[in-house]
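For reference, the structure discussed in these notes is given below.
In each ligand, atom 1 is the first atom listed, and ligand 1 is the first ligand listed. FYI, side chains are in, hydrogens and waters are out, and symmetry mates aren't considered; it's all heavy atoms of this structure.
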Amino acid sequence: MSRRRLDSRSGLPAGLLAETQTPISSEPLEIAYEVTGELGRGKFAVVKRCVEKSSGKEFAAKFLRKRRRGRDCRAEAVHEMAVLELARNSPRVVNLYAAHETDHDLVLLLEYAAGGEIFDLCVSEELLPEAQVTRLIRQTLEGVQHLHQNQLVHLDLKPQNILLTSLAPPGDIKIVDFGLARRLGTAGELREILGTPEYVAPEVLNYEPITTATDLWSVGVIAYMLVTGESPFLGDDKQETYLNVSQVNVDYSRDALSRVSELAVDFIRKLLVKAPEDRPSAAECLSHPWLWQQPPCLNPEPVLVRPVRERSCGAKWAVPLEDKENFLDSPHSHPKRFRLEEDTAGDGDF
Ligand code: ADP
Ligand code: MG
């Protein structure tokens, strides 16, 4: 695939940011840190846990390869660092502490998220109770809202890029992986950023303009996965996945959603709509009644939903004020429809 446009002014690939504030040290990482196990890897990066020798503090070091497919991609690595700097100041976005550079890599020292990916919660035999899911989705939306307020779009939101500070009980979320993120307005219209097929919005597949609404589609996919344990658009092959996405072919059948509350389905349905302009913003999503229910265990009465008027939901959330008591309160297993990360092998390239 070579749909790489250059910005005529800077010579950089379109939309890449080049300005960073964090000093980039050329000191070998091993002098100040003990680098221990691998936390994860993608096509062009490996992330390792490391411990600062002086303080004993843990970090995640993301080693971003500067040469990719035989060409110099330092600008892409610097861009990821620049986006992290612009996105800082939100507890929902992973913090950047320091940067090092070697001949091969730009190494970003990131806040360590010890709980791993929320992907593991989606594929676990025991799905999270909805009250926990809504907390994670609320936090994700807070992070997305912060990005959007700063004219940033993530464009690769998926359960592998949303981490937890601790696993059991699930801690707070941290959004990671800003390799595909862009600042709106820096490269004219954005059309050509490609995430992972299962999670990307129809406008991405159709090369139509990308906006903040593109991230909200992915939040809908993540919510579906957390409450059902299934990936809504995943087909047997890429073509089928594309078709499912572009036709918004989602299984809302009783079988798929038998243990999912009506409000959860309402929330998901409002995000998984083809026209980006018809999707609610992150701020509007944050006022959806699903996200503000009382957990059923604390509330023996029929589940009370905050009246729409109390939270200034706007017209987008014309949902029933009371939901059926239909929560994921017992362990169950679903047939899983996930493909491993290596198979999707898609970050930025499909
Ligand atoms: P890539 O661009 O290769 O997808 P990511 O930034 O998504 O790189 O990191 C790959 C994986 O490494 C993540 O999915 C996660 O499992 C792990 N990881 C990344 N950042 C951290 C972190 N700050 N703390 C703990 N694990 C991390
Ligand atoms: Mg990733």
Side-chain angles (χ1 to χ4, degrees), residues 16 22 29 33 35-52 57-69 73-85 87-88 90-100 104-124 139-140 143 147 152 154-167 170-182 193-200 215 218 221-222 225 338-350:
L16 292 193
T22 310
L29 201 65
Y33 300 88
V35 181
T36 59
E38 188 174 310
L39 295 166
R41 63 167 61 227
K43 252 187 177 171
F44 305 119
V46 55
V47 180
K48 294 181 182 174
R49 180 180 164 276
C50 58
V51 179
E52 191 175 32
K57 222 176 150 202
E58 291 172 300
F59 292 92
K62 181 167 183 179
F63 293 73
L64 287 157
R65 256 174 35 209
K66 291 192 287 184
R67 274 198 89 69
R68 303 174 187 178
R69 295 202 186 96
C73 286
R74 186 178 185 275
E76 274 85 346
V78 170
H79 167 80
E80 185 163 344
M81 180 175 165
V83 175
L84 277 165
E85 288 181 350
R88 65 167 43 131
S90 166
R92 309 301 178 213
V93 173
V94 79
N95 226 327
L96 171 72
Y97 284 97
H100 287 243
H104 294 104
D105 301 298
L106 183 65
V107 189
L108 307 182
L109 268 300
L110 303 167
E111 174 180 10
Y112 175 51
E117 305 168 8
I118 66 164
F119 182 78
D120 297 330
L121 302 176
C122 299
V123 294
S124 156
Q139 292 191 353
T140 304
L147 297 177
L152 296 168
H154 187 284
L155 304 181
D156 200 15
L157 289 173
K158 56 183 178 180
Q160 295 86 338
N161 288 337
I162 303 202
L163 308 186
L164 291 168
T165 52
S166 62
L167 184 58
D172 295 326
I173 70 104
K174 298 282 170 186
I175 300 177
V176 300
D177 196 354
F178 289 80
L180 294 187
R182 291 293 183 273
I193 309 298
L194 303 173
T196 311
E198 252 175 284
Y199 310 104
V200 296
D215 282 341
S218 306
V221 176
I222 293 167
M225 290 173 72
F338 289 101
R339 223 185 283 147
L340 294 177
E341 181 85 330
E342 292 86 76
D343 291 336
T344 54
D347 283 20
D349 184 21
F350 66 91

(message) Would Phe44 count as a polar contact of ligand 1, with the cut-off being nitrogen or oxygen pairs under 3.5 Å?
(response) no
(request) Give the atoms of ligand 1, by number and element, whose distance to some non-hydrogen atom of Gly42 is under 4.0 Å. (result) 3 (O)
(message) Is there a polar contact between ligand 1 and Gln160, counting only N or O atoms under 3.5 Å apart?
(response) yes
(message) Among the N, O or S atoms of Asp177, which one sits nearest to the Mg ion (ligand 2)?
(response) OD2
(request) Run down the list Leu108, Leu163, Asp120, Asp177 and name the one with the heavy atom closest to atom 26 (N) of ligand 1. (result) Leu163
(request) Give the numbers and elements of all ligand 1 atoms closer than 4.0 Å to a heavy atom of Leu39. (result) 16 (O), 17 (C), 25 (C), 26 (N)
(message) I want to confirm something. Looking only at heavy atoms, which of Ile175, Leu164, Asn161, Val46 is nearest to atom 7 (O) of ligand 1?
(response) Asn161
(message) Please give me the minimum heavy-atom distance between Met225 and Cys122, naming the atom from each residue.
(response) CB-SG, 3.9 Å
(request) Indicate yes or no for a side-chain donor-acceptor contact from His154 to the backbone of Asp177 under 3.5 Å, with no hydrogens or angles considered. (result) yes
(request) May I ask you to check whether Gln160 brings an N, O or S atom to under 2.8 Å from the Mg ion (ligand 2)? (result) no
(message) So for ligand 1, is Val176 a polar contact partner (N or O within less than 3.5 Å, distance only)?
(response) no
(request) Specify the closest pair of heavy atoms between Leu108 and Ala99, including all atoms of both residues, with the distance to one decimal. (result) CD2-CB, 4.3 Å
(request) With heavy atoms only and a cut-off of under 4.0 Å, state how Glu111 meets ligand 1: side chain, backbone, both or neither. (result) backbone
(message) Out of all atoms in ligand 1, which are within 4.0 Å of some heavy atom of Gly40? Include the element for each.
(response) 11 (C), 12 (O)
(message) Quick check: closest heavy atoms across Glu80 and Phe178, and the distance to 0.1 Å?
(response) OE2-N, 3.6 Å
(request) Please report the closest heavy-atom contact between Ile222 and Leu157, naming both atoms and the distance. (result) CD1-C, 4.0 Å
(request) Using distance alone, determine whether Glu80 and ligand 1 share an N or O pair under 3.5 Å. (result) no
(message) Any heavy-atom pair between the side chains of Leu84 and Leu110 that's under 4.5 Å?
(response) yes
(request) Would you mind listing which atoms of ligand 1 come within a distance below 4.0 Å of any non-hydrogen atom of Ala45? (result) 3 (O)
(request) With heavy atoms only and a cut-off of under 4.0 Å, state how Val94 meets ligand 1: side chain, backbone, both or neither. (result) side chain
(message) One residue to check: Ala60. Relative to ligand 1, which of side chain, backbone, both or neither has a non-hydrogen atom less than 4.0 Å away?
(response) side chain
(request) Please report the shortest heavy-atom distance between Leu155 and Leu180, naming the atom on each side. (result) CD1-O, 3.6 Å
(request) May I ask you to decide if Ala181's main-chain N or O and His79's side chain share a donor-acceptor pair within less than 3.5 Å? (result) yes
(message) To check you understand the geometry: which heavy-atom pair defines the closest contact between Leu106 and Met81, and what is its length?
(response) CD2-SD, 4.2 Å
(request) Check whether NZ of the Lys or CZ of the Arg Lys158 lies under 6.0 Å from the centre of the six-membered ring of Phe119 and within 45 degrees of that ring's axis. (result) no
(request) Answer yes or no as to whether an N/O/S atom of Asp156 is found below 2.8 Å from the Mg ion (ligand 2). (result) no
